[in-house]
Amino acid sequence: MSPPINTRHLRRLLGVVLAVALASTLTALVRPAPAAAAPGDLILNGTFDNGSTQPWWTRLASTSTTVNAGQLRVRTSATVGKPVWEDLVGHFEFGVTAAQPYRLQFDATADVSRSLRVSVSRADTPFTSAVDQNVALTPTMRRFTFDFTSPFGDPKAVLLFHLGGQASSTVRFDNISLTPLAVNPATDPILYWNGVLLSTYQALDLPPTSSSREAAILHAAMHDAAVSVTGVGNPYRVRVPVSYPGTMDNVVAPSLHAAIDRAAYDVLTALYGGQGQSYTQALAGAVALRPSGVNAAEVARGDTVGAAAATANLQARANDGSGNNTPYQLDAVPGSWRPTNGKAAVSPNWGLVTPFALTSGRQFRPGLPAGATEYTDLLGKQEYRDQVQEIRDYGGQTSSLRTPEQTQIAFFWANDLRGTYKPPGQLFSHTRIVSEQRQLGILANARLFGLVALALADAAIAAWDAKYQTPIDLWRPVTAIEAMGDPGWQPLSQDRAGVPYTPAFPAYISGHATFAGAWSAVMKRFFGTDAIAFDATTDDPHAEGVVRHMSGFDHAAEENALSRIYLGVHYRFDADAGLATGRSVGAYVYANRLRP
C-alpha cells in the first residue's frame, strides 16, 4: 500500500495549510465555510453543497480543485510514469479506532477512463492503510463502497485519492463519507470460529478435559493474532512482530480478519485434522464474511501473523502432559470410585497437565469431602449419609420429591451426551449470548473468549486434580446407593435412549460446577458486574428448545452446580467445592492473563 506522502512533504504541506489559514480568515465573509459532516460521518464537506473546497487539499500546485454543480472538480496534470501518490486529493486529521468497522463511500467519474487509488491511511510513518483499493473511473458517475476494519488506531488518519501515474484528466467526486459501522456479530471472526469449535464438539465425542484444553489453545491463538495486528492489549503467548517492509509504494498492514482466520484454521486443523475433521469449508465461510475493503496484500500479511500466532500457541502445549495415558488404578475400597456404565476412568491423569495460567493443578485444591481424612472417615460421617440420602430422594429416575422445574434444570445443564456441545460448549454459547447482547467488538470478544477459554481449561485441570490426585476418589451416587442396599435405584441422568448414565470419573469435585464457577468469575470481572440478565440455552436432547432466564452470572453458575444433584450424579459437597474452586480459578486467570 502506498503511503500518502513522506514526512518531509507532509510537514511542508502542513506549513502551507497554516499559511493559507490567515487568508482564509480574511475571506470568510465571502467564502462559505465547509459543511459539517453528517452524524457519525468522519468526513467534513463530503457533499460540496456549499460551494467550498475546504478542507480538501491537493499536493501539486498544477492540480486545481473547484466546486461545480455540488461536486468537487479536480483537474490533474500529467504524471505518467510517476508514483500514484505523486498527485493527491486528500482530507486530513480524523480519528480511526483499531478493530472498529467502517464504511467508505464516494461517487466518482472522470472525463476519460482511468484508474484511481483510494486509501485511508496513517498521516505519518509507518504509512500503513486501513483500506487501500483501486477503482476504475469512467465518464459515468458511479458509487463505490468499501467496508473495512481498521487494523490500527490513529487520531490523525487521512483519506486520500491517489491521482498520479496518469495522463491529465478531470475527475469529479461527490457524496464522500466515512462512517463507523455498528458491530455485526455475524461477521465477527472470534464468534465465527467459536461456533466452528462447538460444531466440532458436537461431531466428536470429546471429554470436557481435552475439549477445554483445545478451546484455550484456539482462543489464545486468535487473541494473540488480534493483539499482534492492532497493537492493543497484551498477548497470552506471543506478540508477532508486524514490521512494514518495502518501498513507500509497498507498505502493507495485515488484515485483522485474515490473521484471526488463519490462527483459528491452523489450530483446529492441527488439533482435529487427525480425527477426520476438515476446516477447508469453514475457512471459505470465514473469507466470505470479510469486509469488502480488504486487498490481497493485506490478506497475505494477515495470514503470516495468524500462522505465527497459531504455531506459538500449539508449540507451547506440545509437552503439557495431556497425552499421559497411564491407566487408572482402582483404590478398590468402600467409598472409592469404580466404573459406571462399564466405562473406564476418563482422563485420570488430567490433574497433572500443565495449566494455562495456574501454577499447578493443585493451586486451589479444596479440602476432602465433609472434612474427611480418608474413605472410612468419610463413610462414617453423618454429613456424607445426609448427602447420599438427598441424592436418593431428589436425583432418582422415579423421584416424587423433585419438582418439574428441578427436572428441567437437571437436563438443561447436562450436555454430557455424544452429539452435544458438552459443558464447556454451553458456557461458550452463553458467553456469546451476553457478548451479542452487550454489542462487543472483535477485540473485546478476543479478550473475553480468551479469558473464558483459559479459565475453563484450568478449571478442568483443577477439578480433575481433586478427582484423582487426592486421598479420596469418591464413588458416584449410583454406586453409594447400591452399597446401601438399593441396587434398583438409578439416576435421572440418561442417554438418548433413556438408559441411565453416569459420567465415568470420580464425583468429588463436580466438573460442571468448577467450569461454572470459573466462567462466572471471569464474566463478572470482565463486565464489572454480576447484574447482567440473559436468556440461556442448551444443547441437551432432553431439554430441547428450553430457554431459562438468568438474573446474572452467579445465578447461572449456581443453578448449573445444583443441576447435578437433581440429575443424580453428584453430591452437594461436589457442587459447593466445585463452585468455590472454579471461582478461585476464574479470578486468578482474569487477574493474571490477557490484561488490557
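FYI, the numbering just counts along the sequence from 1.
A cation-pi contact, defined as under 6.0 Å to the ring centre and within 45° of the axis, is absent between R564 and Y571.
Classification of the W337-Y328 ring pair by plane angle, with boundaries at 30° and 60°, yields perpendicular. The aromatic rings of F356 and Y236 lie tilted to each other, with the angle between the two planes from 30° to 60°. Ring orientation note: the planes of F412 and H430 are close to parallel, at an angle under 30° on the 30°/60° scale. Under the 30°/60° scheme for interplanar angles, the aromatic rings of W519 and F553 are found to stand perpendicular.
With values rounded to the nearest 0.5 angstrom, Q202 atom CD is found 7.5 Å from T420 atom OG1. Annotation: the span from I217 atom CD1 to L271 atom CG amounts to 5.0 Å, rounded to 0.5 Å.
With respect to D393 and R402, no salt bridge is recorded, no charged nitrogen being found less than 4.0 Å from a carboxylate O. Using a cut-off of 4.0 Å between Lys/Arg side-chain N and Asp/Glu carboxylate O, D205 and K422 are scored as salt-bridged. Using a cut-off of 4.0 Å between Lys/Arg side-chain N and Asp/Glu carboxylate O, R338 and D331 are scored as not salt-bridged. Under a 4.0 Å N-O distance rule, the pair D576/R572 does not qualify as a salt bridge. Here E405 pairs with R548 in a salt bridge; the nearest charged N to carboxylate O distance falls below 4.0 Å. D188 has no carboxylate O lying under 4.0 Å from a charged side-chain N of R432, or vice versa, which leaves the two without a salt bridge. A salt bridge does not link D224 with R237: every distance from a Lys NZ or Arg NE/NH1/NH2 to an Asp or Glu carboxylate oxygen is 4.0 Å or more.
For Q275, the CD atom sits in a packed shell: over 12 heavy atoms of surrounding residues, nucleotides or ligands are nearer than 6.0 Å.
Judged purely by distance below 3.5 Å, without hydrogens or angles, the side chains of R213 and S322 pair a donor atom with an acceptor atom. With no hydrogens or angles considered, no side-chain donor-acceptor pair links T538 and D540 at under 3.5 Å. Between the side chains of R496 and H542, no donor N or O sits under 3.5 Å from an acceptor N or O.
Remark: aromatic rings of F534 and H555 are distant, center separation not under 6.0 Å. For W350 and Y468, the gap between ring centers reaches or exceeds 6.0 Å.
Q387 is not listed as a side-chain neighbour of Y384, based on a closest heavy-atom distance of 4.5 Å or more.
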Per-pair distances, 0.1 Å, donor-acceptor, side chain in residues 363-372, under 3.5 Å, sequence neighbours excluded:
from, atom 1, to, atom 2, distance (Å)
Q363, OE1, T359, N, 2.6
Q363, OE1, T359, OG1, 3.0
R365, NE, D465, OD2, 2.7
R365, NH2, D465, OD1, 2.7
R365, NH2, D465, OD2, 3.4

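Under the 3.5 Å distance criterion, the side-chain polar atoms of N560 are left unmatched by any main-chain donor or acceptor of A556.
Contact record, I509 with T514: CD1-OG1, 3.4 Å, taken as the closest heavy-atom pair.
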